[in-house]
Amino acid sequence: MSEEIKNNDNESNTPGNFIKEIIDEHNKTGRFNKEVHTRFPPEPNGYLHIGHAKSICLNFGIAKDYNGVTNLRFDDTNPAKEDIEYVNSIQEDIKWLGFDWEDRLFYASDYYDKFYEFAVELVKKGKAYVDSSSADEMRKMRGTPTEPGTESPYRNRSVEENLDLLERMKAGEFEDGAHILRAKINMSSPNMNMRDPAIYRIRKVDHHRTGDKWCIYPMYDFAHGLSDSLEGITHSICTLEFENHRPLYDWFLDELDVPHHPQQIEFARLNLSYTIMSKRKLLKLVEDKYVDGWDDPRMPTISGLRRRGYTPASLRNFAEEVGVAKRDGVIDVARLEFAVRNDLNATANRVMAVLDPVKLVITNYPDDQIEEMDAVNNPEDPEAGKRKLPFSKELYIERNDFMEDPPRKFFRLAPGREVRLRYAYIIKCEDVVKDPETGEVTEIHCTYDPETKSGSPNAGRKVKGTIHWVSAKHAFNAEVRLYDRLFEVSDPSGDKEKEFTDFINPESLKVLDNCKLEPGLSNAEVGDNFQFERLGYFCVDSKYSEKGKPVFNRTVTLRDTWAKIAKSGK
RNA sequence: UGUCCCGUGGUGUAAUUGGCAACACGUCUGACUCUGGAUCAGAAGAGUUCAGGUUCGAGCCCUGACGGGACAACCA
């Protein structure tokens, strides 16, 4: 009996954060007499990344917490940078993440007519003017953060003249940059954003939605708050760098005759160690071919993470775990890796895969005998059932599961030692065959103990190690791609002397083309996730796989305490 | 030399709105184990940037310092 938790209907019941405090306060005072309404407002100028995922989870999550709704709105006010390709990929990524904007898909460009009317209203109120200074002149007149700006010589044009000029700007009479519409606020404001910011600029380019209808386009600061207002957004959540823009956001809504004034709230964007998030830099990685496109499995893009094998749930849980605050910080990628492991551990079927094979011969096993061994698909999930694994005299095992001269704490195979072959027998290493030239081990000869078959009554004998294997004659040969962190330093942008590309991890991708997998894996399909026992989680690559010939990507390794011991040298 | 924001274990978030700091990741033990995975049990680790003040009592309020960040696109 624990029904003591009291809950206001309009109060959240998930862990607190500063945004919820603000919303709770609004609900208490009745600032908005409507449900919580948020929006996710990407500019369609690139692919979404894990940082956007945080924002998506936040916006949709907060709304859901309060029984509200969320819009998807493309902030498409700069046609020069935007493209339909991005509006499509963005929608795909949000859906894949598991969020639904239902019928609330909007574009800032839907409001271009209204924006123009608002601009006219501003001009008529004497709150905006057309400036004919060049961009360069304007920059000089803007001053610096510590010095006030100076007023433009065009600042006091009459309303009539401004109206006329604005109309002719719209009509296409002027070239790009000839004139610009500015808000008339305060050139000596300590907040640079208030020094007569631009509202409309001339851009004679086609827009991916409105075509050539417009040649003047609104600026973000003008368009964003108005879009929010028109859509009835209550809480407009954005990142910290817009903090100084809030007075301007509010100014437009105060000056203009709008029915509704949303609250802008800023939070700290996601920073991940060993990861780059800047769109410009991600673009460089793609353009200069450091990676294999926006969806390269090493990219922090949602499409990259998807191809890497990350699940939507793992990303959502990650976003939930890292929380939200105003303090800027860096999240360790290890947490993202934890999130996938955690999800995949519960859901991914286990399979046997030998990535770096060396042949193992069981000398006392009958030449042509084949046994079917029972293997559990997922010990975490009884529903997942069992499967049969063919076992025979010649097997492949992982090269690094054998050492001729093992260090302390090495529990695996070595001359004279016993290990268990998972789901099969205990074997003992009797001999090693080497290439006379290179000295490389080419075959390991073992004997098996027939009494120790997995599942049999006498199987109980304990040995120190268990290793995985694949029957040589049944093995499915496949390509496996081992991905690791793209950068070898925690903060690739932290060194002023060097380019971030100087820190690319040369081992971030290893392609292995002679991997021996259990036969059933030949049927694996895109979207399947597996745990290769003792190695890590792998998925079927969506780009290089062919029917019947899947290529596998390593999503993340298993936690590996042996690697840690080996590395520490003890 | 301006304005705004931020400052809690290694990292990230909490702290019933003023009642002697909790959770997660990471780290380290140990148990268990046919995955050196998972699981289980436990440990170490902050007295909340600093200094004053208000208060019976401050991480929460006030003042000042210090530290970090944002702002000078006709980008978003």
Inset, instruction - Name all pairs fulfilling the salt bridge (charged side-chain N to carboxylate O under 4.0 Å, His left out) condition that reach into residues 168-179 of chain A, sequence neighbours left out, sorted by first residue then second. - result: A/D164-A/R168, A/R168-A/E173, A/E175-A/K204
Legend entry - Value rounded to 0.5 Å, distance of CE in A/M373 from CG in A/L421: 8.5 Å
Legend entry - Contact under 4.0 Å: A/T77 side-chain N or O vs B/A76 OP1/OP2: yes
Legend entry - Syn/anti state for B/G7 [syn: chi within 90° of 0]: anti
Legend entry - Strand partner of B/C71, provided both Watson-Crick or wobble distances fall under 3.5 Å: B/G2
Inset, instruction - Ignoring backbone atoms, test whether A/K326 places a side-chain nitrogen or oxygen under 4.0 Å from the OP1 or OP2 oxygen of B/A70. - result: no
Inset, instruction - For B/U3, take OP1 and OP2 only and decide whether either is under 4.0 Å from a side-chain N or O of A/R246. - result: no
Legend entry - NZ/NE/NH1/NH2 to OD/OE distance under 4.0 Å, A/E321 and A/R316: no
Inset, instruction - Classify the side chain of A/Q531 and the base of B/U35 as holding, or not holding, a donor-acceptor pair under 3.5 Å. - result: yes
Inset, instruction - Please determine if a side-chain N or O atom of A/R534 lies less than 4.0 Å away from the OP1 or OP2 oxygen of B/G36. - result: yes
Inset, instruction - Return no unless some side-chain N or O of A/R203 is found under 4.0 Å from OP1 or OP2 of B/C75. - result: yes
Inset, instruction - Once you apply the 3.5 Å cut-off to both distances, tell me the Watson-Crick or G-U wobble partner of B/G64, or none. - result: B/C50
Inset, instruction - Could you tell me whether the phosphate oxygens of B/G37, OP1 or OP2, come under 4.0 Å of any side-chain nitrogen or oxygen in A/T561? - result: yes
Legend entry - Paired nucleotide for B/C25 [Watson-Crick or G-U wobble; both distances under 3.5 Å]: B/G10
Inset, instruction - Could you pick out which residue, A/Y423 or A/N191, lies toward the 5' side of RNA chain B when each is mapped onto its nearest nucleotide? - result: A/N191
Legend entry - Counter-base of B/G59, judged by Watson-Crick or G-U geometry with both distances under 3.5 Å: none
Legend entry - Syn/anti state for B/A73 [syn: chi within 90° of 0]: syn
Inset, instruction - Classify the side chain of A/E380 versus the base of B/G37 as yes if they form a donor-acceptor pair under 3.5 Å and no if they do not. - result: yes
Inset, instruction - On the 0 to 90° scale, with breaks at 30° and 60°, tag the A/Y112-A/H207 ring pair as parallel, tilted or perpendicular. - result: perpendicular
Inset, instruction - Record whether the side chain of A/N78 comes under 3.5 Å of the base of B/A76 through a donor-acceptor pair of N or O atoms. - result: no
Legend entry - Base orientation of B/U11, syn vs anti, 90° cut from 0: anti
Legend entry - Who pairs with B/U17 - Watson-Crick or G-U, where each distance is under 3.5 Å: none
Inset, instruction - Pick base, sugar-phosphate or nothing for A/G329, based on heavy-atom distances below 4.0 Å to the nucleic acid. - result: sugar-phosphate
Legend entry - Spacing between A/I331 atom CD1 and B/C25 atom C1', to the nearest angstrom: 10 Å
Inset, instruction - Report yes if the distance between the aromatic ring centroids of A/Y200 and A/F115 is under 6.0 Å, otherwise no. - result: no
Legend entry - Position toward the 5' end of RNA chain B (nearest nucleotide), A/E533 or A/E243: A/E243
Inset, instruction - Consider the side chain of A/N193, meaning its heavy atoms from C-beta on, and name the nucleotide among B/C71, B/U3, B/U35 that approaches it most closely. - result: B/C71
